[in-house]
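Structure record follows, encoded as structure tokens.
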Amino acid sequence: MVPSYRAPRLLRNPHLQSVLSSLPLRRAAGLRALQRIGARTQDVVVEAGDGVRLQGSHSTLSGREAKALVLLLHGWEGSSESSYMRHTCAHLLARGFDVFRLNFRDHGDSHHLNREIFHSCRLQEVVEAAAWIEKNYPAPAFLAAGYSLGGNFALRLALAAPEAGIGLRHAAAVCPAIDPAAILHALETAPAIYQWYFLKKWRDSLRKKRALFPDHHDYDEKVLAQDLRGLTRWLVERHTDKGSLENYFDGYAIAGGRLSQLQVPVSVLAAADDPVIPIDTVRALQLPTHSRLEIAEHGGHCGFIEGSDLRGYSERWVAARLEEALGETSSTQAA
């Protein structure tokens, strides 16, 4: 079991943690980690039902059989090549897992695959993709993990898996998005760099989508100039069937008791000082007794940086927790 996270004294500022975790240096280090371990990675187009296609990467090591396959899900406007995805993949490969890093619709280099725009209520296509991946990359066990919005999707996948016929053993989530309305308020009251960061990436994504499908997407720069709340409201009203911002947020919220009936065990890692995910929404989660919630005093949003080398605790935590969970479920099944 990996020890609890203890932030170094000089790394106890949540904004510093959040920024350091996204530095290009970390992303490049993640690629080097995969190269050192000898990862063999293949890009894959996934059939996700109703003509939807998603893109991802399957990674393995030569000369060994994996003990399980892990589906990794990134955060909003991240990708399968985000630093935490690369580092987590390397840690999992080192522990004997194969890994499938899935891009959500319109993330990574996948905007051309589908005409319609991504939104966070598109759970069904992720469930369908998980079923396709499990079928096409058979392994002794199937697990999942995600970060931020990807953590939200991983937990909702765990909730949906039994009815969908997916043999998911365990799901791990780091700083998962729990209450979208509370998150939007947190972003609106946090330092401006957070809104700037997400809006820049989202606007670039929407411009890319418009260029690929000009006959279908005719929104102009005036639309894209809106703030985060305004642009989200536009998305909901023009590109979902939810009707209102409130209904949209309710459509992917996992707050309160929404996870209380989970059949698949889950593990959640959060930081009390997360500037994006309000900690009171984390503490209010109602998880079954077979699941685990860990709250570190520090860590920022998906940071958990351990030192000047920018090594991340959360990536090690995911790999260790899934390995531990796999052993627990194997023991239970044997008994």
Side-chain angles (χ1 to χ4, degrees), residues 14-15 17-19 21-22 73-79 82 84 104 106-107 117-123 126 145-157 159 171-203 205-206 226-237 239-240 242 244-259 266 268-287 293-296 298-304 314:
H15 308 305
Q17 281 277 350
S18 304
V19 170
S21 69
S22 299
L73 303 172
H74 58 78
W76 183 43
E77 292 305 330
S79 78
S82 292
Y84 52 86
F104 295 132
D106 297 345
H107 289 72
I117 292 174
F118 170 82
H119 61 75
S120 298
C121 290
R122 294 193 185 277
L123 174 64
V126 175
Y147 290 78
S148 195
L149 182 61
N152 170 287
F153 270 91
L155 295 172
R156 286 190 288 155
L157 173 62
L159 199 59
V174 176
C175 299
I178 294 169
D179 183 338
I183 292 169
L184 178 57
H185 177 71
L187 288 170
E188 290 174 327
T189 55
I193 189 173
Y194 291 98
Q195 273 210 67
W196 174 86
Y197 175 81
F198 285 115
L199 276 171
K200 182 182 184 303
K201 299 192 81 171
W202 191 16
R203 287 166 178 158
S205 175
L206 289 171
Q226 297 179 88
D227 62 13
L228 191 56
R229 183 176 293 271
L231 193 54
T232 305
R233 182 177 288 110
W234 166 84
L235 171 76
V236 171
E237 293 174 352
H239 296 280
T240 79
K242 298 302 180 182
S244 71
L245 204 55
E246 294 72 24
N247 288 341
Y248 174 64
F249 286 158
D250 187 64
Y252 71 100
I254 53 173
R258 295 197 176 191
L259 299 178
V266 303
V268 177
L269 174 66
D273 64 354
D274 191 325
V276 176
I277 311 297
I279 193 59
D280 59 328
T281 66
V282 178
R283 292 195 170 110
L285 277 177
Q286 298 173 27
L287 297 177
L293 170 61
E294 300 177 37
I295 301 176
H298 304 284
H301 185 61
C302 297
F304 303 99
S314 60

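For clarity, every value in this text was computed on a predicted model and none was experimentally measured.
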**Asked** Taking the side chain as C-beta and beyond, is there a heavy-atom pair between Val276 and Cys175 under 4.5 Å?
**Response** no
**His107/Phe118 under ring-ring contact (aromatic ring centres under 6.0 Å, His included): CA gap, chis, key distance, verdict** = CA-CA 9 Å; His107 289 72; Phe118 170 82; 4.9 Å; yes
**Message:** Just by distance, no angles: are the side chains of Tyr252 and His119 close enough, under 3.5 Å, to form a donor-acceptor pair?
**Reply:** no
**Asked** Would you say the side chain of Pro14 lies within less than 4.5 Å of the side chain of Asp274, judging by non-hydrogen atoms?
**Response** no
**Asked** Does the Thr232 side chain pair with the main chain of Leu228, one donor and one acceptor, at a distance under 3.5 Å?
**Response** yes
**Message:** Is the shortest side-chain heavy-atom distance between Val236 and Phe249 below 4.5 Å?
**Reply:** no
**Message:** Looking at Ala253, is its backbone amide N or carbonyl O close enough to the side chain of Arg258 to form a donor-acceptor pair, meaning the two atoms are under 3.5 Å apart?
**Reply:** yes
**Prompt:** Are the side chain of Arg283 and the backbone N or O of Ala272 linked by a donor-acceptor pair below 3.5 Å?
**Reply:** no
**Prompt:** Hey, is the main chain of Gly300 close enough, under 3.5 Å, to the side chain of Asp273 for a donor-acceptor pair?
**Reply:** yes
**Asked** Is any side-chain heavy atom of Pro275 less than 4.5 Å from a side-chain heavy atom of Ser18?
**Response** yes
**Asked** With sequence neighbours left out, what residues match Glu237 under salt bridge (charged side-chain N to carboxylate O under 4.0 Å, His left out)?
**Response** none
**Message:** Can you confirm whether Cys121 sits close enough to Thr240 that some side-chain heavy atom of one is under 4.5 Å from a side-chain heavy atom of the other?
**Reply:** no
**Message:** Is it the case that the side chain of Thr189 and the backbone of His185 share a donor-acceptor pair, with hydrogens and angles ignored and the cut-off at 3.5 Å?
**Reply:** yes
**Message:** Check whether Glu77 reaches the backbone of Phe198 with its side chain - one donor and one acceptor, N or O, closer than 3.5 Å.
**Reply:** no
**Qualifying residue, where the test is ring pair (Phe, Tyr, Trp, His ring centres under 6.0 Å) with His74 and the options are Tyr84, Phe104, Tyr147, Phe153** = Phe104
**Item:** Flag, side chain of Lys242 to backbone of Asn247, donor-acceptor distance under 3.5 Å
**Value:** no
**Minimum side-chain heavy-atom gap Val266-Leu287 below 4.5 Å** = yes
